[in-house]
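Chain letters run A, B, ... following the sequence lines, proteins first and then strands; every chain starts at 1.
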Protein chains: 2
Amino acid sequence: MNSKTEITMKDIAEALGLSRSTVSRALQGHPHISADTKAQVMDEAKRLGYQYNAMAASLRKKKSNTIGLIVPRISRYYQSAVITAIQNRLHENRYNLMICQSNESPEIEKELVDALFASRVEGLIVSTTLYTTDFSVFDIFARSGRPLVFFDRTPKSYPAHKIQGDDYKGGYLAADHLLRQGCRNIAYIGGATTCSIYRERYDGYRDALANYGIVPDEEMVFFHDLTPENAVKTFDGILRMKKELDAIFAGNDTIALALVTHAKKLGMRLPDELKIVGYSNDPLTDVVNPSITSVEQHPYEVGEQSASLMLGLIGGTIKPGKNYISVTIPVELVERESSQKMADTVII
Amino acid sequence: MNSKTEITMKDIAEALGLSRSTVSRALQGHPHISADTKAQVMDEAKRLGYQYNAMAASLRKKKSNTIGLIVPRISRYYQSAVITAIQNRLHENRYNLMICQSNESPEIEKELVDALFASRVEGLIVSTTLYTTDFSVFDIFARSGRPLVFFDRTPKSYPAHKIQGDDYKGGYLAADHLLRQGCRNIAYIGGATTCSIYRERYDGYRDALANYGIVPDEEMVFFHDLTPENAVKTFDGILRMKKELDAIFAGNDTIALALVTHAKKLGMRLPDELKIVGYSNDPLTDVVNPSITSVEQHPYEVGEQSASLMLGLIGGTIKPGKNYISVTIPVELVERESSQKMADTVII
DNA sequence: AAACCTTATGCAATCGATTCCAGTGTTTCA
DNA sequence: TGAAACACTGGAATCGATTGCATAAGGTTT
C-alpha cells in the first residue's frame, strides 16, 4: 500500500492534533504525559502501522545501542560459543550486536573496523586475525573514547582491555599431563606465531618439559595454519624422521581429531602408542573414539566477561581511567581416552 | 582529546571557508567538484580526524546498506557456512550484515525482527527456529516492501522468497543408498516436525523404501531435538525393542557421529552390523573413523543464492512482481565408510 | 486574590549528511 | 558581441526522533 512514504511520529501527531513532542514522549512512556493521551497515541500508532525508526533516534541521541564484534571466523566452536555468550548478555541489556567476520584477513578486518565505526557502534569487541600485526587500525576507537575490548586473540603490545584464556597454563597443563602419563617425546603443533596465544602455549609446554629436564626438540615443534591437511602432513613428516614420538599436543581440537583418525588409519594403537591432547574442549572431543583429552577454555565465561566489561565501560559503571583491564580466565584440562595410560581403557 | 564533540563536515567546511554541500560532494568524489577543492577537503578531513557518520547519511538517504540475518544458532556447521557465503557476497557489494541468533526461541526471533526493522535494515534473511509457527512476525517486512528471504528452514505456507536444499531428495538419496547396500531395516531420526525440512526428508525416505515394497515402521521413526544425548537414548531404545536394525538415517552429522561412537562402544562392528548416514556433510564426517556418509547441501551455494537474490531485490534487478521466488539447491550423497558394504573397507 | 505549584503539552532547535535548485564566473560559438 | 554552454559552489530544506525550555490550565495555599 504505502511503500513509498513511511509513517512517522509526525503523522500520528497530525492525526490526533497533538505535537510531535507529545507523541514522542507518549511512545517512550514519559511520566508527564497523561494516561489518556498515551493510550490514544498507542492506538493511533497501531492503526497507522507506525514503526519506530531507531536510526533517527540514534542520530539525535548519539546512542546506537549497538556493539560491534569482529572475529576471524564464526564457524569455530570456541569463537561461536563466546559470541553466543556475548549476544545473550547484550540482549538482556537491550543492546544489539553486529557480528562480522574478517576471514583471517587483516585487510578485511580494517574495513570492518572502519565500517563499524562509521555505523556508530558504541563499542567494539575483537578477536584479531592470525596475521594482524599493525594494531593502529583500532586507534579510531581509542581516540574517540569508544570502548575497545579484545578477547582470545589479544594484541600483546597494544594498549586495550583484554579478556583471554590462560594460554600459558593451558600449554603447561597439557604437556605436564602427558609427561605424567609417561611420555617424554612430545611434539607441539601450534598456529602461526604472529598470534601470541600459540607462543604462550608453547612457553607453557616448554616450561613443563623443563621440570622433567627436557628441552624441546626444535624439530618436534611446529607453527603453521591449523588445517587438518597441514596437521596430517606434519605428522607424516615426524614419522619419516624416525624420531621417537609418544605424544602430540595439538593447537586445536579439529586437528587433534584429524591426527587421531590418521594415526588409527596408519595402524597405530591409541593411546598406547601415541597420546594426543587437543585444545578448546570442542564437544566433538567427547563423542569420538577414542575421546580426546583437551583444554577447556570456558568460552561462555570469556563471552560474559567481555560483554559485561563492555557494558560497564559504556554505562560508566567501570571507570578504568588511564588503565587497561586485563582478565585472564582460568583453563583446565579435561582428561579423556586419547591420553590414558596403557590398559586404562579399551579402544575398540 | 575531543571525545565530547564530533568532527563533522561542517567543521571542515568552516575551516576551509566552503559550504557543507561542497564538502559533502568532495568527500563522495562528486564530478562537479574541482580536483583542487577535493584535495583540500581530503587533507583537512584527515587533519581534523574527521570520521564519516553512516547513520546520519542513512537517515537522509533512506538507505542503510545493511542487511539483517537471523539464524537459530551460528555454531552449526551448515548455518555458519551459509552465513560466511552471504557475508562475503554482501561485502563485495559494500553491504553490511547484522547477524543475530534466535537461540531456537520464537520470542527472541520476534524481538530480533522488530529490532532489525527498527534499525532500518534494507532486507532480512532468515532461517527460522524449529518452533516458529506464527510467521506473521515477518509481516512488517512484507508490508513495508523490504525484501524478505528465507533459507534452509523455510516456512511452508508463508508467502516469501525461499532458498532451500532439496530435503526430499536428500532423504530419498540417503534411504535409497542404504537400501542398495542391502539394508531393509532403516531407522530415521529427525528433528521436530514443526520444521518442514525433517518432514520432507522423511517423505523422501518413505518413498525410497516404497520402491522396495517397504512401509516405514512407525516405531523406527523419530522426531525430536537432535542432541547427541537424545540420539543415543533413542538408539538404546531401538535396541531394547529387539527389532531388526541394520541402518540409521540421522538428521544431522553431529548425532550421526554420536551414534557411530556409541555403537562402537557397544561393540557393534561398523559398517558391517550397522550402517549410518548423516546430513549436511560437516567436515568432521571426513576425519572420523569410520568416516561418515552424509548428504552435501552446498551451503556456500545456498548463501550465494540468498545474498544474490537479496541484492537483486534491493537493487531492483530482480522484479518478482506479485510472485515469490523459490530456489531449490540440489543435494548429493557423499559416500563414506559408515555405509559401505561388508568387506569393502577395513575399520581399525 | 495573589502567588505558587502541578500536570500536561507545544515550540523549535538539534543530530550530521545529502541533494534539489539556484547562482556565480568562465569559456565557447554563432 | 551576445547568448548559450559549462564548470563549480552555495543555500536551505530534509530525513525522523528527541529534549530543553516555555506555556497553559487547573488546583492549592496564604
For residues 11-21 of chain A, run the donor-acceptor check on the side chains, cut-off 3.5 Å, and write out each pair with its distance to 0.1 Å, sequence neighbours left out.
residue	atom	partner	partner atom	Å
A/D11	OD2	A/T8	N	2.8
A/S19	OG	A/S21	N	3.4
A/S19	OG	A/S21	OG	3.2
A/S19	OG	A/T22	N	3.3
A/S19	OG	A/T22	OG1	3.1

Would you tabulate the side-chain donor-acceptor contacts of residues 27-34 of chain B under 3.5 Å, counting partners in other chains and residues two or more places apart, or write 'none'?
residue	atom	partner	partner atom	Å
B/Q28	NE2	B/S24	O	3.4
B/Q28	NE2	B/S24	OG	3.0
B/H30	ND1	B/H32	N	3.1
B/S34	OG	B/T37	N	3.2
B/S34	OG	B/T37	OG1	2.8

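Applying the side chain to side chain contact (heavy atoms under 4.5 Å, CB included) criterion to B/N88, with sequence neighbours excluded, gives A/N103, B/T84, B/Y300. A/A192 is linked by a side chain to side chain contact (heavy atoms under 4.5 Å, CB included) to A/Y131, A/T194, counting only residues two or more places apart in sequence or in another chain. With sequence neighbours excluded, the residues forming a side chain to side chain contact (heavy atoms under 4.5 Å, CB included) with B/E111 are A/H91, A/R94, listed by chain and number. A/N96 is linked by a side chain to side chain contact (heavy atoms under 4.5 Å, CB included) to A/T66, B/M98, B/A115, counting only residues two or more places apart in sequence or in another chain. With sequence neighbours excluded, the residues satisfying ring-ring contact (aromatic ring centres under 6.0 Å, His included) with A/F141 are A/F117.
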Just the dot-bracket of DNA chain D, please: which string comes out with Watson-Crick or G-U pairs under 3.5 Å, [ ] for crossing, | for another strand?
-> ||||||||||||||||||||||||||||||
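Judged as a salt bridge (Lys or Arg N to Asp or Glu O under 4.0 Å), not a single pair has a partner in residues 305-316 of chain B (not counting sequence neighbours). Screening residues 33-75 of chain B for ring pair (Phe, Tyr, Trp, His ring centres under 6.0 Å), with sequence neighbours left out, gives no hits.
B/L59 is listed as a side-chain neighbour of A/N53, based on a closest heavy-atom distance under 4.5 Å.
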Set out, line by line, the N/O atom pairs under 3.5 Å between protein and nucleotides 24-28 of chain D.
none

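As rounded to whole Å, 7 Å separates atom P of C/dT19 from atom NZ of B/K61. Rounded to whole Å, the distance from CD1 on A/I12 to P on D/dG16 is 13 Å. The distance between atom CG of B/L48 and atom P of C/dG16, rounded to the nearest whole Å, is 14 Å. One interatomic measurement links the two molecules: CG of A/L59 to C1' of C/dT18, which rounds to 13 Å at whole-angstrom precision. Following rounding to the nearest Å, A/R120 (CZ) and D/dA17 (P) show an atom-to-atom distance of 21 Å. Straight-line distance from the CD atom of A/Q51 to the C1' atom of D/dA17: 15 Å, rounded to whole Å. Atoms CG (B/N53) and P (C/dT18) sit 9 Å apart, rounded to a whole Å. We find that CG of A/D36 is positioned 17 Å from P of C/dT7, with the value rounded to whole Å.
Phosphate contact (OP1/OP2 of D/dG16, side-chain N/O of B/K62, threshold under 4.0 Å): present.
More than 12 heavy atoms of other residues, nucleotides or ligands shown are found within 6.0 angstrom of NZ on A/K63.
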Just by protein heavy atoms under 4.0 Å, how would nucleotides 8-14 of chain C read 5' to 3' in B, S and -?
-> BBBBBBB
